[in-house]
Structure formats: structure tokens, C-alpha cells
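Written out below as C-alpha cells is the structure these notes cover.
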Number of protein chains: 2
Amino acid sequence: MNTTSIKINLNHKAYMRDPENTELGRRIINESIRLIDDLGFEQFTFRKLANVIGSTEASIYRYFENKHKLLVYLVSWHWAWLDHFVLFHTNNIADPRERLSRAIDVITSSGIDNPATLHINESALHRIVIVEASKVYLTKEVDDDNKDGYFLEYKRLCHHIAEMVLAINPDYPYPHALISTIMEAAHQQVFFAEHLPSLTEIKGTKRSPEETATFLKHLVFAAVDQKR
Amino acid sequence: MNTTSIKINLNHKAYMRDPENTELGRRIINESIRLIDDLGFEQFTFRKLANVIGSTEASIYRYFENKHKLLVYLVSWHWAWLDHFVLFHTNNIADPRERLSRAIDVITSSGIDNPATLHINESALHRIVIVEASKVYLTKEVDDDNKDGYFLEYKRLCHHIAEMVLAINPDYPYPHALISTIMEAAHQQVFFAEHLPSLTEIKGTKRSPEETATFLKHLVFAAVDQKR
DNA sequence: ACTTTTATGATAGCATTACTATTATTAAAG
DNA sequence: CTTTAATAATAGTAATGCTATCATAAAAGT
């Protein structure tokens, strides 16, 4: 298996025209990641994006209906990429505890860039996901967006890791709740460490993802191994 | 102690003029809760609020610099109120496990209305907090807002519950990380149960807060009791 | 080669949002 | 009974979130 041949496929169309297929599309993705990382999603606009890529608002609107759909696309891409990475790193590992441990390492690790998708800066995308990912579903349109399949990549990753939990303890009653909780915590704790340090023991350093992984493994294995 | 004499005091000024002191101020709070619950924070505007309370945008701007600060105010008020409620329900309980268990019940419980603060619809506010609370800190201005004390109520509640964890197990290394994780999960799981049910075993019914409390107690006591 | 389609760019415009400023009116305080 | 303070009424402005039109260039089909 050659990692340079990876193509991330999404299970929905948050876009109107597939941005992976054109030069302009790839520039939209590439530069929007840069700009959202820079300005935050609230301050990010298609007008500003058009300016930095030397194109026009109207052209960007031909790819994405609005900036929310663009965020959905970016976040979904990240989840699909992480799901792939979890699979890759747990492949051929027999011990279910080791598999789960590695999965937690992957979901907390800061972005690992993929040489096959040069137009995606996965490190910057990971920073975006930490701050903005929950905004894709915390809206009034969540049920419509869910019907359109916008959260399938997130759910699939959650389900894959929940299956590892069940492989360790088939009687654990909350595998999905546990994993969705720690998937969210994986971001929150890193954010808290940097910005609201009194909410966590994790230190706001370069190593906060690893420290967060240690905390989450404590938590998950305690829950899964619990005598009832 | 008479519960009808409670006055929630915030440790910061997200407002320009204290809305508790005037009739218009109380109407702003009261109706903004209704309207945000109804429209979601993104669609909520001061213009729409001014229309429903029969006042003007300019008048509302004399109380709150912008809608983000109003949300900060509402969410802080909720945390201060919950902190008070946790104190109330754990007061005079000697057993630290029982104290922690009751604290978890309080943070997951849907809003309990306070007869002393009739202008606050705590049930609607609780629904707002579930969906919108994380948006108060997931911004580029988080560090400035933190300096202004906007998250003190949240941090204090987290710290109070973390102390209960330490009372049970003084060696547990992540009390604040654990509690901030479950405070966030208390909202997420209820939201997932209703809108993204494949992410959790909690069922999207009226009883989802109680079910979430059961899950969180499992998790917290497993972590705290863990043999290391 | 030559039409037809498709993608982008250039330009304009428009309703809504997020404010700020000005002045008038009314009610409370001194 | 007059000064102050709070609200209302009105207007205006820059930015946002779009949509529409038309020209042009490049790619695809015949």
C-alpha cells in the first residue's frame, strides 16, 4: 500500500462543484484553511478569501453555497483523513487494548501532513478543527445537515473506535457515548491548556496533545475495565 | 436560608449597564433568552430583539456592546446559578462520593426555574447553554475575554466539583481535566441524543439528562477509583 | 477548424447586519 | 422646578452575504 495514492472521498456534497478537480478549487481549499486558521471562522469571509487568491466572490460561490458548507467540507475531510489514519495505525495489531491506545494517539495527535494531498495543510486544518469543528453541528440546521450526510465521517470514526471498546469489554454499556466524549475532549483539553489553563491539568505546551492522550487513555481504560 | 432572596452576582461586566436594574434591561434578558432559544444564536440579531420588545437597537446597545457579550452574560449567569445550586444540593452531605454524585445530577439536570429571578427562564436558558455555551470561548478573542473575567463562573464551578474528586481520591492526577470534560459532555450527550443519535447510547427523550448523568457517574467514578 | 459548452473573471447591485450619531421626549433626582 | 439620566425616533454608514449579468478564454465535441 502506497500512502502517496490516498484520495479522501467524502460521503456527501457539502460543495456544489468538487474543489479537488480544479486548480481554483484547490486554491480555495488551501487558502481558506490558511485564512480561517488566521482570522477565525467568524471573521473569515468569501470576500477576503477571494482577495487573497486573486479571484472573485462569485467564483467561490460556484464551489460552496456559503462559508458554513466550506467548513463542513474541511472538517469532514479531516475526520475522513483521521479515520483512514486510525485504520492505518491499528492495522494488523491483534491486541484490542493496543488498538484502542493507538486510536487515541491518532485522534489527539496534531495534524500529520499527507504528501498526496499537498493542497491540504493538515496541521493548520487540525488547529481549525480544534476551535471550529463543533460549530458545524451546533446550529439550528443540524437535522437537515445530518440528513444530507454531513456528519457521516465523524460518526464512522466514532463507530470504529467504539468497536475497539467493545472488543475489550463487550458488556460496556456506553461505547459510543464514551468515544464521542473523548473525541470532543481531545480538542477541548488542548484548547483549555492553551487558553483556559485552570480548567485542566494539561499544560499548554507543544506536548499538550500527548499529555491529553495520556489523560484520555487513563479515562477510557478506567471506564472500560470497570467492575460493575 | 430563603431561596427567594437569591441574587446571582457575576464577577465581570459583560454588560455596559446592568440589565438587572431596569425594566428595559430585564426585558432584554428575558426576551433574548426566548429569541435565541427560538432562532439560534447565528440568526439572532439586536434588530429582531428590539422589535419583539418594542424598543430600538440603539437602546439595546446601551446595555450590551454586541450580541456576543450578551451571550457571555447569559451563559455566565447560568454557570453562577448552577454553582449556587451545586452548593445548595451538596451542603451538609458528608460523604464525598454522594456529593460528587449530586453535583453530576445538577450539571446534567435541565433548568430549574428560580422564583426569585422571574425574568430568567432557566429552562430555555439551559437549552441555549447546551447549544451555544462553547461559542463563548471558541473565538479569536478568548484570551482577551479571559482577562476580562468572562469565564470565572465556569472555572469556579469546575473547581468546586474538582475538589470533590480530590476529596475522594487525593492522588487522582486530572481532577480539573476530568470535570471540564464531563461538564462539556453533559451538554454534548444530550445534544447528540436528540440530533446525532448514532454518537451515543443515550436516548433522545425527556429523560436524556438523567441517562447522561448515569453515564457520567459511571465514567467519573471509574476514573477516580482506578487502581494505578 | 469551428462551434458549443464550461469555467472563470469583471462588475454591479441589493437586502441584511452590525453598528454609531443626533436629536427629541419623558421620567426621576436633586 | 430644573438638571440629569434613560429611552425613543430617526438616520446613516461600512461590511456581510449573497445574486445576476455579461464578457472572455479555454476545453471538449464534431
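Naming: A, B, ... by sequence-line order, numbering from 1 per chain.
Proximity of the aromatic rings of Trp77(A) and Tyr73(A) is defined here by a centroid distance below 6.0 angstrom, and this criterion is not met.
With sequence neighbours excluded, the residues satisfying side-chain contact (heavy atoms from CB on, under 4.5 Å) with Ser55(A) are Leu24(A), Ile53(A), Ser59(A). With sequence neighbours excluded, no residue forms a ring-ring contact (aromatic ring centres under 6.0 Å, His included) with Phe41(A). Applying the side-chain contact (heavy atoms from CB on, under 4.5 Å) test to Ala162(A) and every residue at least two apart in sequence or in another chain returns Pro175(A), His176(A), Ile179(A).
Between His78(A) and His126(A), the two ring planes are tilted [angle within 30° to 60°]. Relative ring orientation between Phe88(A) and His84(A) is described as parallel, the plane-to-plane angle staying below 30° on a 0-90° scale split at 30° and 60°.
For the atom pair CG of Asp105(B) and NE2 of His89(B), the computed distance is 9.5 Å after rounding to the nearest 0.5 Å.
For the side chain to side chain donor-acceptor pair (under 3.5 Å) criterion with Glu65(B), the lone passing option out of Lys69(B), Lys67(B), His68(B) is Lys69(B).
Counting any heavy atom pair closer than 4.0 Å across all strands shown, Phe64(A) reaches no nucleic acid atom.
Between dG9(C) and Ser55(A), a contact under 4.0 Å exists linking OP1 or OP2 to a side-chain N or O.
The closest donor-acceptor contact from the side chain of Arg26(A) to the backbone of Glu20(A) lies under 3.5 Å.
The outermost nucleotides of DNA chain D lying under 4.0 Å from heavy atoms of chain A, listed 5' to 3', are dT16(D) to dA20(D).
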- Nucleic acid footprint by protein, nucleotides 16-22 of chain C - heavy-atom cut-off 4.0 Å, B for base, S for sugar-phosphate alone: -BBBBB-

What nitrogen or oxygen pairs link the protein and nucleotides 24-30 of chain C at under 3.5 Å?
none

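Summarising the geometry, the separation between CG on Leu24(A) and P on dA10(C) is reported as 12 Å, rounded to the nearest angstrom.
Side chains of Lys155(B) and Asn11(B): no donor on one and acceptor on the other come within 3.5 Å.
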